[in-house]
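Report on the structure given below.
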2 protein chains.
Amino acid sequence: MKIGEVANHSGLTPKTIRYYEDIGLLSAPRRSASGYRVYDQADQRRMVFLRHARQVGFSTDDCRPLLALYEDPKRRSTEVHALVADKLRVIEQQLSELQALHTVLQEMSAQCANDHSAQCAIIDSLANPLAVEMSK
Amino acid sequence: MKIGEVANHSGLTPKTIRYYEDIGLLSAPRRSASGYRVYDQADQRRMVFLRHARQVGFSTDDCRPLLALYEDPKRRSTEVHALVADKLRVIEQQLSELQALHTVLQEMSAQCANDHSAQCAIIDSLANPLAVEMSK
DNA sequence: CATAAACCTTACCCTAACAGGAAGGTCAAG
DNA sequence: CTTGACCTTCCTGTTAGGGTAAGGTTTATG
């Protein structure tokens with residue numbers, strides 16, 4: 001399989017596959033006589049796995065241990081579980097930060113007259129340290 | 001006021017101030033005889049405004065029109081309101097994406113035995129297109 | 001007065017995760 | 001034999017600055 005074909009079958013792009021090789025997330029495949037990358041089924045499975053892991057929010061760095069566990073027949077499911085638990089915590093943190101932003105913006109929005117006048121509660125809030133600082 | 005001083009008073013760092021000047025978010029200030037940037041109170045107020053706007057989630061590009069409205073005595077509050085409404089929509093989008101990720105990961109996590117065995121529902125989910133694809 | 005600390009200047013590299021594009025080689029079909 | 005569709009490497013751009021270097025300035029102090 002050349003890179004375009006494995007890209008089609010895995011859902012990654014050739015660009016992404018080369019990039020993963022570059023950062024050492026995928027090992028360098030063997031090359032054809034003309035220098036083309038040649039992949040096999042196992043490579044394709046790894047790529048599918050990586051695509052899914054990225055899709056559910058794991059960074060490429062997160063994917064390293066994840067992929068290692070995928071490849072390891074002697075893994076313990078608790079190790080995988082721990083990685084997912086870590087990720088869940090990070091996502092919960094991000095969620096609460098986003099929710100805080102949302103709340104602040106919504107409160108500002110509600111204070112604004114939303115009319116033709118120049119006076120604007122949103123502008124005032126952003127100009128004044130009062131309302132915004134709490135969100136830290 | 002030199003850059004360090006206005007940095008202290010505005011809460012931005014000198015780096016950030018120079019960067020904002022670089023991208024045209026702040027206009028270039030006048031220079032002292034020795035080439036040092038010199039700022040006034042109005043500059044400082046703009047910087048405070050920018051810091052707050054960034055804090056509540058606006059990108060530096062978002063800050064351009066926002067700052068323009070801040071400076072414009074003939075603004076209409078409805079214009080400001082519209083920018084905030086746009087941002088709220090973006091944040092809501094991000095929230096729902098994050099929540100979707102969270103749900104998927106939590107479901108995977110719940111399926112995992114979390115023990116010493118190599119069999120792992122999380123790994124299986126990531127290897128198999130089934131569970132993950134729906135989240136698109 | 002000399003000098004060291006604390007400032008300031010520009011400029012370049014680093015981050016994440018690729019996408020886009022240039023310049024050039026390769027391969028199968030018509 | 002020549003397209004067209006591949007493939008290769010390499011470089012640039014994206015966000016929002018942080019880190020550091022090399023060098024000039026100003027201020028405080030002995």
Side-chain angles (χ1 to χ4, degrees), chain A residues 1-26 28-40 43-44 46-47 49-67 87 90-91 94 97-98 101 136, chain B residues 1-26 28-40 43-44 46-67 87 90-91 94 97-98 101:
Chain A
M1 253 189 303
K2 286 184 291 184
I3 199 169
E5 199 179 346
V6 78
N8 278 335
H9 291 327
S10 68
L12 297 181
T13 68
K15 276 284 190 190
T16 298
I17 295 170
R18 290 191 200 100
Y19 174 67
Y20 286 175
E21 179 184 335
D22 212 52
I23 64 173
L25 185 53
L26 290 172
R30 78 180 179 82
R31 300 290 185 121
S32 72
S34 54
Y36 288 9
R37 289 172 178 80
V38 178
Y39 298 97
D40 60 23
D43 292 320
Q44 184 186 315
R46 279 176 208 114
M47 292 177 197
F49 181 86
L50 287 175
R51 181 168 61 82
H52 291 154
R54 292 282 297 114
Q55 237 170 35
V56 298
F58 289 101
S59 71
T60 49
D61 264 2
D62 293 337
C63 287
R64 292 175 202 280
L66 221 41
L67 186 60
K87 195 68 200 173
V90 170
I91 289 179
Q94 292 174 343
E97 283 169 18
L98 254 191
L101 285 192
K136 269 199 290 199
Chain B
M1 255 190 303
K2 286 184 293 186
I3 200 169
E5 200 179 345
V6 78
N8 279 334
H9 291 326
S10 68
L12 298 180
T13 67
K15 271 288 192 191
T16 299
I17 295 170
R18 290 192 200 100
Y19 174 68
Y20 286 177
E21 179 184 334
D22 214 50
I23 64 173
L25 186 52
L26 290 172
R30 78 180 179 82
R31 300 289 185 121
S32 73
S34 54
Y36 288 10
R37 288 171 178 81
V38 178
Y39 299 96
D40 60 24
D43 294 319
Q44 184 185 314
R46 279 176 208 114
M47 292 177 197
V48 169
F49 181 86
L50 287 176
R51 181 167 61 83
H52 293 155
R54 292 283 296 115
Q55 238 169 32
V56 298
F58 289 102
S59 71
T60 50
D61 263 3
D62 293 337
C63 287
R64 291 175 203 279
L66 220 40
L67 186 59
K87 194 69 199 173
V90 170
I91 289 179
Q94 293 174 343
E97 284 170 17
L98 255 190
L101 286 192

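Reminder, nothing fancy here: chain letters follow the sequence lines and each chain counts from 1.
At a cut-off of 3.5 angstrom, counting only N and O atoms as typed in the model, there is no donor on one side facing an acceptor on the other between the side-chain of B:Y19 and the base of D:dG18.
The distance from atom CG of A:D22 to atom C1' of D:dC11 is 13 Å, rounded to the nearest whole Å. One interatomic measurement links the two molecules: OH of A:Y39 to C1' of D:dT8, which rounds to 12 Å at whole-angstrom precision. If you measure from atom CD of B:E21 to atom C1' of D:dA16, you get 16 Å, rounded to the nearest angstrom. Put simply, CG on A:N8 is 12 Å from C1' on D:dC6, counting in whole angstrom units. Regarding A:E5, its CD atom lies at a distance of 17 Å from the P atom of D:dA5, rounded to whole Å. Protein atom CG of A:D61 is 11 Å distant from nucleotide atom P of C:dT15, rounded to whole Å. In this structure, B:Y20 atom OH and D:dA16 atom C1' are separated by 7 Å, rounded to whole Å. Protein atom CE of A:M47 is 13 Å distant from nucleotide atom P of C:dC18, rounded to whole Å.
Once rounded to the nearest 0.5 Å, the distance linking OG1 of B:T60 with CG of B:L25 reads 6.5 Å. We find the CE-CG distance between A:M47 and A:L50 to be 8.5 Å, quoted to the nearest 0.5 Å. Expressed to the nearest 0.5 Å, how far CG of B:L12 lies from CD of B:Q44 amounts to 10.0 Å. How far CG of A:D62 is from CZ of A:R64: 10.0 Å, rounded to the nearest 0.5 Å. Within the model, atoms CZ of B:R54 and CG of B:L66 stand 11.5 Å from one another, a figure rounded to the nearest 0.5 Å. Rounded to the nearest 0.5 angstrom, B:T13 OG1 and B:R51 CZ are separated by 11.5 Å.
The minimum heavy-atom distance between A:K87 and A:S59, with the atom names listed, is NZ-N, 4.4 Å. For the pair B:V48 and B:H9, the tightest heavy-atom approach, listed with the atom from each and the gap, is CG2-O, 4.2 Å.
Closest to the side chain of B:R37, out of D:dC7, C:dA17, C:dT10, is C:dT10. Of the candidate nucleotides D:dG18, C:dA17, C:dT10, C:dT10 has the atom lying nearest to any side-chain atom of B:R31. Nearest to the side-chain atoms of A:T60 among the listed nucleotides D:dT8, C:dT9, C:dA17 stands C:dA17. Of the candidates C:dA19, D:dT20, C:dC18, the closest approach to any side-chain atom of B:K15 belongs to D:dT20. Of the candidate nucleotides C:dT26, D:dT8, C:dA19, C:dT26 has the atom lying nearest to any side-chain atom of A:S34. For B:T13, counting side-chain heavy atoms from C-beta on, the closest listed nucleotide (D:dC7, D:dG17, D:dG18) is D:dG18. Relative to the side chain of A:Y36, the nucleotides D:dT8, C:dA19, D:dT26 differ in distance, and D:dT8 lies closest.
Between the two ends of the helix from C:dC1-D:dG30 to C:dG30-D:dC1, each summarised by a five-pair axis, the helix axis turns through 30° (rounded to 10 degrees).
Contacts of A:S32 with the nucleic acid, taken as non-hydrogen atoms under 4.0 Å apart, are absent. Using a 4.0 Å heavy-atom distance criterion, B:I23 is classed as making no nucleic acid contact. Base engagement by B:R18 is indicated by at least one non-hydrogen atom pair under 4.0 Å involving a base atom.
If B:K2 and B:F58 are placed on DNA chain D by their nearest nucleotide, the residue sitting closer to the 5' end is B:F58.
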